[in-house]
Amino acid sequence: MVALTFPDGARRDYPDGITGFDIAKGISPSLAKRTVAMALDGVVVDLADTIEKDARIEFVSREDPRALELIRHDTAHVLAEAVQALWPGTQVTIGPVIENGFYYDFQRNQPFTPEDLPVIEKKMKEIIARDKPFTKEIWSREDAKKVFADKGENFKVELINAIPEDQSLKIYKQGDWFDLCRGPHMTSTGKIGNAFKLMRVAGAYWRGDSNNPMLSRIYGTAFAKQEELDTYLKNMEEAEKRDHRKLGREMDLFHFQEEGPGTVFWHANGWTIFQEIVAYMRRRLRGEYQEVNAPQMLDKSLWETSGHWGWFRENMFQATSAGDDTEDERVYAIKPMNCPGHIQIFKHGLKSYRDLPLRMAEFGIVHRYEPSGAMHGLLRVRAFTQDDAHIFCTEDQMADECMKINDLILSTYADFGFDGALTVKLSTRPEKRVGSDAAWDHAEDIMQNVLKKIEEQGGGRIKTAINPGEGAFYGPKFEYVLRDAIGRDWQCGTTQVDFNLPDRFDAFYIAADGSKKPPVMIHRAICGSMERFLGVVLEHFAGHMPLWLAPKQAMVCTITSDADDYAIEVRDAARKLGLRVDADLKNEKINYKVREHSLTKVPALLVVGKKEAETRSVSIRRLGSEKQTVMSLDEALKTLSAEALPPDLKRAQA
RNA sequence: GCUGCCGUAGCUCAGUGGUAGAGCACCUCAUUGGUAAUGAGGAGGUCCACAGUUCGAUCCUGUGUGGCAGCACCA
């Protein structure tokens, strides 16, 4: 007998080997009908599974949030059946559930095209309408291998070989079609419903390794209800609207062109935002850091010493004299990082332990030859500005410095309006690395403790995680991942502890006992890449920048030319207060001007006509609102300039 | 870098084996208006580059280059 506890607390005995389905049917046929799976002690399993031991049991309906994963996984199976029905000979590989949907990878001589998707969807609907039950069988390894090998499913054979010997092989059947699968599944294909959609086709490497052949992947998504699918698709459209590349064009912020792949042409508007962010960061460093500037290119020998030339040469730019007759054969590397430069500055002149911690900052422009397919607007470029700093300190000071950086990062993100969830990930030693295992053990140990402290201080808002093997070649690192207004995560800030580079460059300080000691070096960036951070901020606000960041903070718009003189006066008065304001005196209707400047996302429109000129007032219309507020010029300017104050200065004033 | 798709006016996009079009933007003229497009006219193109096929290529083929969606990569 097994004793099962139901959600209402009732406890009943059942014979060994009874299935979830039998129990549900025993309670009521309608329950059995609408149940798609069960959860035993919270673990979702097939409803047809036999129950062998005491457990808490819950019946999962397809509306249950836990069923969503099953719906998506089942849809992936149906997708695979549909594809094999349409194009026999196509090999199936894997089809997991991912965030927001699922995919299935196929091996087919001819890749899929977007036109294939509706055809496949139609076939999938047929399969779902047939409503065949999902049934599970346990096969022996040899049988399974033979069956799949006979079918020409070589990838499946490879998968079977990769499954540990002590695990059983589960085969799920839906009618005549079957697949090797871990499960669980719902009771039948009909339970999937019709709220699914195939999204796109793409290439993807077998087992995620670029040495392997490329497969054809089909991405799709599925929901329990049509309305949920519709909402999801609408959200996708919304995300597209706030694409920073689109906003960059519409707001005249920047552009790219063929001659400079991955390098930004900053227009006046975009550069204003960029400089506003830099100015903010610079204020935050005041007193604590010294700002420096190291050369843009340095002899490659320096990069050989640092190890970059060895590990990352493929991703570096080099420069030589362009002259035909030059005798100068030296090869320079354009800096991909600022650290070797900063170490040179540290080494210049003898340093004492009294100088530590020495915090050296630079808004350094670095160039990295990113793979062509990696480039993406401002988010991944080949030339970018880091809000970089290197902290030279003693080992004892290290943990405190990490916490200090943590505070700086958290408060900065808050100032830019990122008040959502935050994740700090600790990335540990990678395969490609320098330094002894003992040094790595030590560094990772300290970082672990700091991570714990970060989580404790976060008051529940900060999640932490470990990324094994993802560290930099010279040391472990923290990665700060922020969440934007529509729930997307972006890795921006980073703190990296480094016991290696100072040593490689023979950097040292004189300790209290008069001995030479290598400093510990902490690499850190708050925004990371300014270009990328700007892109993220832009998408976060969907272009509706807070006043302090807006490139054009206000536009004075005249209604008739009678107000021209007054409009100029308003503009100049605002400029005198440091506001970025223009006047639009064009011979156009006010409707036209409101539309034009709303489209370029100017936060405040100061409309002036005859009335305002006579009473020395302005009619303010804020972006995103149709409301008009009339106030005196003095009051309006006072309000605007107060609002335009960056958050850190506002804090200082309070 | 890999797979697939794409490159025509500043932008969004039609189109054709016989060297090209629309809307918006731009310029000019008229219009002086109260919160998301006033009307009329004008100007604007090496149809990404190079090679090939062809009497003739923006169109077909190849190579390169840049972009888009994924994958891989991201010190």
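Since the structure is predicted, the reported quantities are computational estimates derived from the model, not experimental observations. Just so it is clear: chains get the letters A, B, ... in the order the sequence lines come, proteins before strands, and each one is counted from 1.
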task = Looking only at side-chain atoms of A:Arg200, point me to the closest of B:rC48, B:rA75, B:rG70.
result = B:rG70
ask   = What nucleotide, of B:rU38, B:rA36, B:rC71, holds the atom closest to the side chain of A:Glu588?
value = B:rU38
message = Of the listed nucleotides (B:rU38, B:rG4, B:rA75), which one gets closest to any side-chain atom of A:Pro111?
response = B:rG4
task = Return the value, rounded to whole Å, for the distance between atom CG of A:Asn212 and atom P of B:rG70.
result = 22 Å
query = Using atom C1' of each nucleotide, how far apart are B:rC47 and B:rA20 to the nearest Å?
reply = 8 Å
query = Can you name the ring-ring contact (aromatic ring centres under 6.0 Å, His included) partners of A:His540, sequence neighbours left out?
reply = A:Phe418
Nearest-Å distance once atom P is located in both B:rU58 and B:rA49 = 9 Å
query = A:Arg245 side chain N/O closer than 4.0 Å to the phosphate oxygens (OP1, OP2) of B:rA69?
reply = yes
message = Quick one, A:Leu378 and A:Phe256 - any side-chain contact, counting heavy atoms below 4.5 Å?
response = yes
task = Pick the C1' atom in B:rG64 and in B:rG1, then give their distance to the nearest Å.
result = 16 Å
request  = Return the nearest nucleotide to the side chain of A:Glu596; candidates are B:rC26, B:rU35, B:rC71.
outcome  = B:rC26
query = So, do A:Tyr592 and B:rA37 meet the stacking rule of ring centres under 5.5 Å and planes under 30°?
reply = no
inquiry  = Between P on B:rA69 and OH on A:Tyr103, what's the gap in Å once rounded to a whole number?
reply    = 19 Å
Opposite nucleotide pairing with B:rU53, Watson-Crick or G-U, both atom distances under 3.5 Å = none
Rounded interatomic separation in angstrom, taking CZ from A:Arg249 and C1' from B:rA25 = 14 Å
message = Can you check the distance between B:rC60 and B:rG18, where both ends of the measurement are the C1' atom (answer in whole Å)?
response = 15 Å
note = Side-chain atoms of A:Thr560 come closest, of B:rC71, B:rC73, B:rG33, to B:rG33
request  = Please give the nucleotide sitting opposite B:rA36 as a Watson-Crick or G-U wobble pair, both distances under 3.5 Å, or none.
outcome  = none
key: N or O in side chain of A:Lys586 less than 4.0 angstrom from B:rU32 OP1/OP2   = no
query = Does the side chain of A:Val570 come within less than 4.5 Å of A:Val581's, by heavy atoms?
reply = no
request  = For B:rC73, take OP1 and OP2 only and decide whether either is under 4.0 Å from a side-chain N or O of A:Arg368.
outcome  = no
key: Proximal nucleotide (of B:rA75, B:rA36, B:rG34) relative to the A:Ile559 side chain   = B:rG34
remark   = Rounded to whole Å, NZ of A:Lys589 lies from C1' of B:rA30 at a distance of 13 Å
ask   = Of the nucleotides B:rU12, B:rC71, B:rA75, which one has an atom closest to the side chain of A:Ala204?
value = B:rC71
ask   = If we only count heavy atoms from C-beta on, is the A:Val97 to A:Tyr103 side-chain gap below 4.5 Å?
value = no
query = Would one find a side-chain N or O of A:Ser372 under 4.0 angstrom from OP1 or OP2 of B:rG1?
reply = yes
task = May I ask you to verify if any side-chain N or O of A:Arg217 is less than 4.0 angstrom from the OP1 or OP2 atom of B:rA69?
result = no
Closest listed nucleotide, where the reference is the side chain of A:Ser598 and the choices are B:rC2, B:rA36, B:rA75 = B:rA36
ask   = Under 6.0 Å between the ring centres of A:Phe254 and A:Trp271?
value = no
query = Just how far, in rounded Å, is P of B:rG34 from NE2 of A:His597?
reply = 17 Å
query = Would one find a side-chain N or O of A:Tyr219 under 4.0 angstrom from OP1 or OP2 of B:rC71?
reply = yes
ask   = Does A:His376 put a side-chain nitrogen or oxygen below 4.0 Å from OP1 or OP2 of B:rA69?
value = yes
Gap between atoms CZ and C1', on A:Phe265 and B:rG10 respectively (whole Å) = 15 Å
task = Using only side-chain N and O atoms of A:Asn591, determine if any of them is under 4.0 Å from OP1 or OP2 of B:rU35.
result = no
A:Phe384-A:His367 aromatic ring centre distance below 6.0 Å = no
